[in-house]
Amino acid sequence: MISVYKLKPKFQQLLTPVLLFLHRNKITANQITISSVLLSVIIGIMFWNADHSKWFFLSLPIGLLIRMALNALDGMMARKFNQTSKLGEVLNEVGDIVSDVTIFFPLLKFQPESLYLIIIFIVLSIINEFSGLLGKIVGKDRRYDGPMGKSDRALMLGLYGLITFFGINISEISIYIFGIIIALLVISTYIRLKKSLHE
């Protein structure tokens with residue numbers, strides 16, 4: 001299945017100089033994780049208030065790119081410099097869910113015609129992350145398989161912020177867009193659960 005997640009190794013290579021800089025300045029993996037959650041809250045607030053200034057829509061493509069970098073950096077920091085911990089895992093998993101809900105919630109305000117589909121999308125996003133985590137419990141590793149994972153959702157929302165900033169209205173087709181996203185989330189969740197059980 002096609003997924004932005006497959007680009008992660010190359011993305012991590014690009015971030016290596018940043019990782020070394022942060023480590024030299026005694027920044028820990030957990031601090032990076034917490035920073036990612038705080039950034040997500042800021043993105044969510046700016047997105048919610050984007051009806052007051054269209055420039056706030058740019059918080060999505062810019063902010064989500066930075067968030068993806070932070071999400072990669074905390075794992076890299078933990079593995080490379082032996083900072084893995086149970087607290088780190090809890091912060092990472094809970095932080096991702098809190099961040100997603102915070103950032104996705106304003107969609108209810110800007111795309112009210114797809115209200116119920118957006119609610120389903122948010123719920124399925126949480127279930128999708130949980131199904132990936134189950135891979136660690138019933139299998140060997142956390143699962144990131146399938147389309148519309150965390151990175152894919154970030155890409156979609158970043159594109160949404162960009163096209164909305166340029167005045168493109170998707171209201172007439174938003175039902176179809178979220179319908180496709182929901183279908184991909186269901187497929188992704190199924191794949192993750194299936195591979196976890198057969199691992």
Side-chain angles (χ1 to χ4, degrees), residues 3-47 59-105 122-158 185 188-189 191-197 199:
S3 174
V4 176
Y5 183 77
K6 292 184 178 180
L7 299 175
K8 188 175 181 179
K10 292 184 178 179
F11 189 47
Q12 287 179 329
Q13 288 178 3
L14 293 173
L15 291 172
T16 299
V18 179
L19 174 71
L20 297 176
F21 172 80
L22 293 174
H23 183 253
R24 284 197 300 269
N25 287 274
K26 303 190 184 302
I27 303 298
T28 67
N30 287 353
Q31 287 173 337
I32 297 173
T33 304
I34 293 171
S35 297
S36 175
V37 177
L38 292 176
L39 173 63
S40 299
V41 172
I42 294 171
I43 294 171
I45 292 172
M46 292 181 72
F47 183 15
S59 66
L60 292 173
I62 296 171
L64 287 169
L65 180 61
I66 297 172
R67 182 196 166 196
M68 286 174 67
L70 291 174
N71 284 341
L73 284 166
D74 63 359
M76 293 167 66
M77 182 74 77
R79 289 187 298 272
K80 187 173 180 64
F81 298 108
N82 195 29
Q83 296 181 13
T84 55
S85 65
K86 291 181 179 179
L87 175 61
E89 286 197 43
V90 170
L91 287 174
N92 191 53
E93 297 297 341
V94 175
D96 278 345
I97 292 173
V98 170
S99 296
D100 280 354
V101 172
T102 302
I103 295 172
F104 297 152
F105 188 78
I122 293 173
V123 171
L124 284 179
S125 295
I126 296 172
I127 294 173
N128 184 249
E129 289 304 304
F130 184 67
S131 67
L133 184 59
L134 278 175
K136 210 167 188 177
I137 299 171
V138 301
K140 295 179 181 178
D141 301 305
R142 195 195 192 287
R143 306 303 312 187
Y144 297 96
D145 313 271
M148 211 45 63
K150 180 172 64 177
S151 300
D152 302 309
R153 296 193 297 269
L155 175 63
M156 292 297 102
L157 201 57
L185 271 171
S188 176
T189 301
I191 291 172
R192 291 184 181 190
L193 292 174
K194 182 179 179 180
K195 288 196 174 184
S196 295
L197 290 170
E199 191 172 30

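Residues Ser85 and Asn30 are in side-chain contact: their nearest non-hydrogen atoms beyond the backbone lie under 4.5 Å apart. Within the 4.5 Å cutoff, the side chain of Leu20 has heavy atoms near those of the Lys80 side chain. With contacts defined as side-chain heavy-atom distances shorter than 4.5 Å, the pair Ile43/Thr102 does not qualify.
One finds a salt bridge joining Arg67 and Asp100 here, because a Lys/Arg side-chain nitrogen approaches an Asp/Glu carboxylate oxygen to under 4.0 Å.
Taking all atoms of both residues into account, the shortest heavy-atom contact from Ala29 to Met77 is N-CG, 3.7 Å.
Asp96 places no side-chain N or O within 3.5 Å of a backbone atom of Glu93 that could act as its donor or acceptor partner.
Distance check: Asn92 CG to Thr33 OG1 gives 5.5 Å after rounding to the nearest 0.5 Å. Residue His23 holds its NE2 atom at 12.5 Å from CE of Met76, rounded to the nearest 0.5 Å. In this structure, Leu70 CG and Leu65 CG are separated by 10.0 Å, a value rounded to the nearest 0.5 Å.
Surrounding CZ of Phe105 are at most 12 heavy atoms belonging to other residues, nucleotides or ligands under 6.0 Å away. Within 6.0 Å of atom CG in Asn25, more than 12 heavy atoms from other residues, nucleotides or ligands are found, so the atom counts as buried in its surroundings.
For Lys194, there are no salt bridge (charged side-chain N to carboxylate O under 4.0 Å, His left out) partners two or more places apart in sequence or in a different chain.
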Could you give the side-chain donor-acceptor pairs of residues 123-130 under 3.5 Å, partners two or more places apart or in another chain?
from   : atom 1 : to     : atom 2 : distance (Å)
Ser125 : OG     : Phe121 : O      : 2.8
Asn128 : OD1    : Arg153 : NH1    : 3.3
Asn128 : OD1    : Arg192 : NH1    : 3.2
Asn128 : ND2    : Ser188 : OG     : 3.0
Asn128 : ND2    : Thr189 : OG1    : 3.1
Glu129 : OE1    : Arg142 : NH2    : 2.9
Glu129 : OE2    : Arg153 : NH2    : 2.9

